[in-house]
2 protein chains.
Amino acid sequence: MKSNFNDKQIQILEVAEILFAEKGFDGTSIRNIAKLAKINIAMVSYYFGSKERLLESLIVYRTSDLKNQLENIVQEELEPIDKINKLIELYINRINSNRGIYRILHFEFTSKKREQNLQAFSELKKGNLKSLESIIEEGQKKGIFRKDVIIPLITPTILGTFFHFHMNKPFFENLLNLKTEDLYNNYIKTNLTKHIQQTIKALLIYES
Amino acid sequence: MKSNFNDKQIQILEVAEILFAEKGFDGTSIRNIAKLAKINIAMVSYYFGSKERLLESLIVYRTSDLKNQLENIVQEELEPIDKINKLIELYINRINSNRGIYRILHFEFTSKKREQNLQAFSELKKGNLKSLESIIEEGQKKGIFRKDVIIPLITPTILGTFFHFHMNKPFFENLLNLKTEDLYNNYIKTNLTKHIQQTIKALLIYES
DNA sequence: AACAAAACTAAACAAGCGTTTAATTTAAAC
DNA sequence: GTTTAAATTAAACGCTTGTTTAGTTTTGTT
């Protein structure tokens, strides 16, 4: 599928992503975007109609292929627990290398204010939940996973742990001595991912 | 300890809390606050100096007694796992009944922009981590808890799960059929809290 | 080369922003 | 009851905001 945006629009979208993620939607002005993208301030309205619709376009631009990647994992020939681990890895990897947009989603699409845009986003989340659900049910049928877990609450545990870590980046950089960006990223890729996998595995398998 | 704020200031702080939580710091104007608090727009500058310092005052006003409550739990005569459960309950309860301020902390104190205010907030978090640490080490010495957990990552799992759930409130209201505010709150108090307790217990006790 | 559509620009628009000023009302102290 | 300080107000300040206008340049088509 080809992108519906031309080069200029993509240029604007990527600058907007950086600034929205950094300063928030309300904290970013069209003049900020125009300056950094080296375009005239009228171009945003010209190409996207309004600042609000620029945000919508940005969401569409960035969240269109996660669904497929998740569904692929479900189909693979793996043990349920390995699928779960792979799913967690995919989530962390994707969000971590697209921090900007997920930070924006996290920040801007929670308030009532943007409820209309929420619809498409909500559908995406429902689809993702379906994928997780089918993996866990598979594990339950095989007798590997316990049956009293609340499946919709597993996503909050996976994503919430990552987000809370990442949102408190300065705190953990200091606490864990992650002086460089590389050290920080590496900690996420290894320790944090493993912690989440370990947590979810324990939750799914442990019998009290 | 008596509060340093007079009635009028508290009135302003509480309105600011509602609006900052709802619309964000940048999304809220002093005129919004003044109108809802039924005061003159000059009163904010008069009492707090600036909008930025109003936010600082709000943090101070709301986060001053969590530390003690946590330290009390550590001291109690309970099994480590019960202390953990109690700590989780305290966190959820407190945050849930002070949603506004924690939402603001979550949103506004992550960007580099407000790094100076971050200092006091960071100290608070370090203290809270110390409390958690001493409980877990107690459990490890007793041979109840496994020793390869990364303690600083447990807080992100507890708080992150709750936040992610709460930040996606409209989604979960719809998904879990929580039509009224009461149903939603009750779900947090019972199912979500239990899910988190179950998760952390499994993580701390399960041997692979 | 002539034309039309698309891309782009500088300037202006009204509205809202945080903050300050200067004047007035209220409260407290003596 | 007079004086002094604190609380409160309406108005104005200069600045930034998102968007629109009207005009110019660039591009593509015949």
Side-chain angles (χ1 to χ4, degrees), chain A residues 2-61 104 107-109 111-117, chain B residues 2-61 104 107-109 111 113-114 116-117:
Chain A
K2 234 179 112 186
S3 173
N4 299 313
F5 302 111
N6 64 39
D7 290 357
K8 207 87 198 185
Q9 285 177 299
I10 290 174
Q11 176 193 353
I12 297 171
L13 286 170
E14 294 190 339
V15 168
E17 181 178 26
I18 293 168
L19 292 179
F20 287 165
E22 191 179 311
K23 297 145 55 108
F25 181 77
D26 290 320
T28 304
S29 73
I30 290 188
R31 281 167 181 80
N32 293 153
I33 297 169
K35 193 174 181 184
L36 195 60
K38 286 167 188 158
I39 50 141
N40 188 278
I41 54 164
M43 297 308 289
V44 171
S45 288
Y46 178 73
Y47 275 126
F48 298 97
S50 71
K51 189 187 174 191
E52 193 81 24
R53 299 223 279 129
L54 168 65
L55 176 59
E56 290 176 43
S57 298
L58 181 56
I59 308 298
V60 172
Y61 176 59
I104 296 164
F107 274 43
E108 307 297 343
F109 279 78
S111 65
K112 296 271 171 202
K113 200 167 55 174
R114 307 193 205 288
E115 207 151 9
Q116 65 231 57
N117 323 55
Chain B
K2 232 179 112 185
S3 175
N4 298 313
F5 302 112
N6 64 39
D7 291 358
K8 206 89 198 182
Q9 286 177 300
I10 289 173
Q11 176 192 353
I12 296 171
L13 286 170
E14 294 190 339
V15 168
E17 181 178 27
I18 293 169
L19 292 179
F20 287 166
E22 190 179 314
K23 297 145 56 107
F25 181 76
D26 290 321
T28 303
S29 73
I30 291 187
R31 282 166 180 81
N32 293 153
I33 298 169
K35 193 173 180 185
L36 194 59
K38 285 168 189 158
I39 50 141
N40 188 277
I41 55 163
M43 297 306 288
V44 171
S45 290
Y46 178 72
Y47 275 126
F48 298 97
S50 69
K51 188 187 173 190
E52 193 82 25
R53 299 224 278 128
L54 168 64
L55 176 60
E56 290 175 44
S57 298
L58 181 56
I59 308 298
V60 172
Y61 176 59
I104 296 163
F107 274 40
E108 307 297 342
F109 278 78
S111 66
K113 201 165 56 174
R114 308 193 205 287
Q116 66 232 54
N117 322 55

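Proteins come first, then strands; the chains are lettered A, B, ... in the order of their sequence lines, and each starts at number 1.
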Expected list for residues 41-51 of chain B: side-chain donor-acceptor pairs under 3.5 angstrom, two or more places apart:
| unit_1 | atom_1 | unit_2 | atom_2 | d |
| --- | --- | --- | --- | --- |
| B:Ser50 | OG | B:Arg53 | N | 3.2 |
| B:Lys51 | NZ | B:Phe25 | O | 3.0 |
| B:Lys51 | NZ | B:Thr28 | O | 2.7 |

Can I get a per-line list of side-chain donor-acceptor pairs under 3.5 Å for residues 30-38 of chain A, giving both atom names and the distance, sequence neighbours left out?
| unit_1 | atom_1 | unit_2 | atom_2 | d |
| --- | --- | --- | --- | --- |
| A:Asn32 | OD1 | A:Ser29 | N | 3.0 |
| A:Asn32 | OD1 | A:Ser29 | OG | 3.2 |
| A:Asn32 | ND2 | A:Ser29 | OG | 3.4 |

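For A:Gln11, there are no side chain to side chain donor-acceptor pair (under 3.5 Å) partners at least two apart in sequence or on another chain.
Separation of atoms CG (A:Leu55) and CD (A:Glu17) is listed at 11.0 Å; rounding is to 0.5 Å. The distance from atom CG of A:Leu58 to atom CD1 of A:Ile104, rounded to the nearest 0.5 Å, is 5.0 Å. The distance from the CD atom of A:Glu56 to the CD1 atom of A:Ile59 is 9.0 Å, given to the nearest 0.5 Å.
The span of DNA chain C lying next to chain B, judged by atoms under 4.0 Å from heavy atoms, is bounded 5' to 3' by C:dC17 to C:dT20.
Taking every heavy atom of both residues into account, A:Gly27 and B:Asp26 meet most closely at CA-OD2, 3.6 Å.
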Could you list all N or O pairs between the protein and nucleotides 12-18 of chain D that sit under 3.5 Å apart?
| unit_1 | atom_1 | unit_2 | atom_2 | d |
| --- | --- | --- | --- | --- |
| D:dT17 | OP1 | A:Ser29 | OG | 3.2 |
| D:dG18 | OP1 | A:Thr28 | O | 3.4 |
| D:dG18 | OP1 | A:Lys51 | NZ | 2.8 |
| D:dG18 | OP2 | A:Ile30 | N | 2.8 |
| D:dG18 | N7 | A:Arg31 | NH1 | 2.7 |
| D:dG18 | O6 | A:Arg31 | NH2 | 2.8 |

Can you pull every protein N or O that's under 3.5 Å from an N or O on nucleotides 6-9 of chain D?
| unit_1 | atom_1 | unit_2 | atom_2 | d |
| --- | --- | --- | --- | --- |
| D:dA7 | OP2 | B:Tyr46 | OH | 3.0 |
| D:dT8 | OP2 | B:Tyr47 | OH | 3.0 |
| D:dT9 | OP2 | B:Asn40 | N | 3.3 |

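Contact annotation: the side chain of B:Ile10 approaches that of B:Tyr61 to within less than 4.5 Å [non-hydrogen atoms, C-beta and beyond]. Side-chain contact between B:Asn6 and B:Gln9 is present, with at least one heavy-atom pair separated by less than 4.5 Å.
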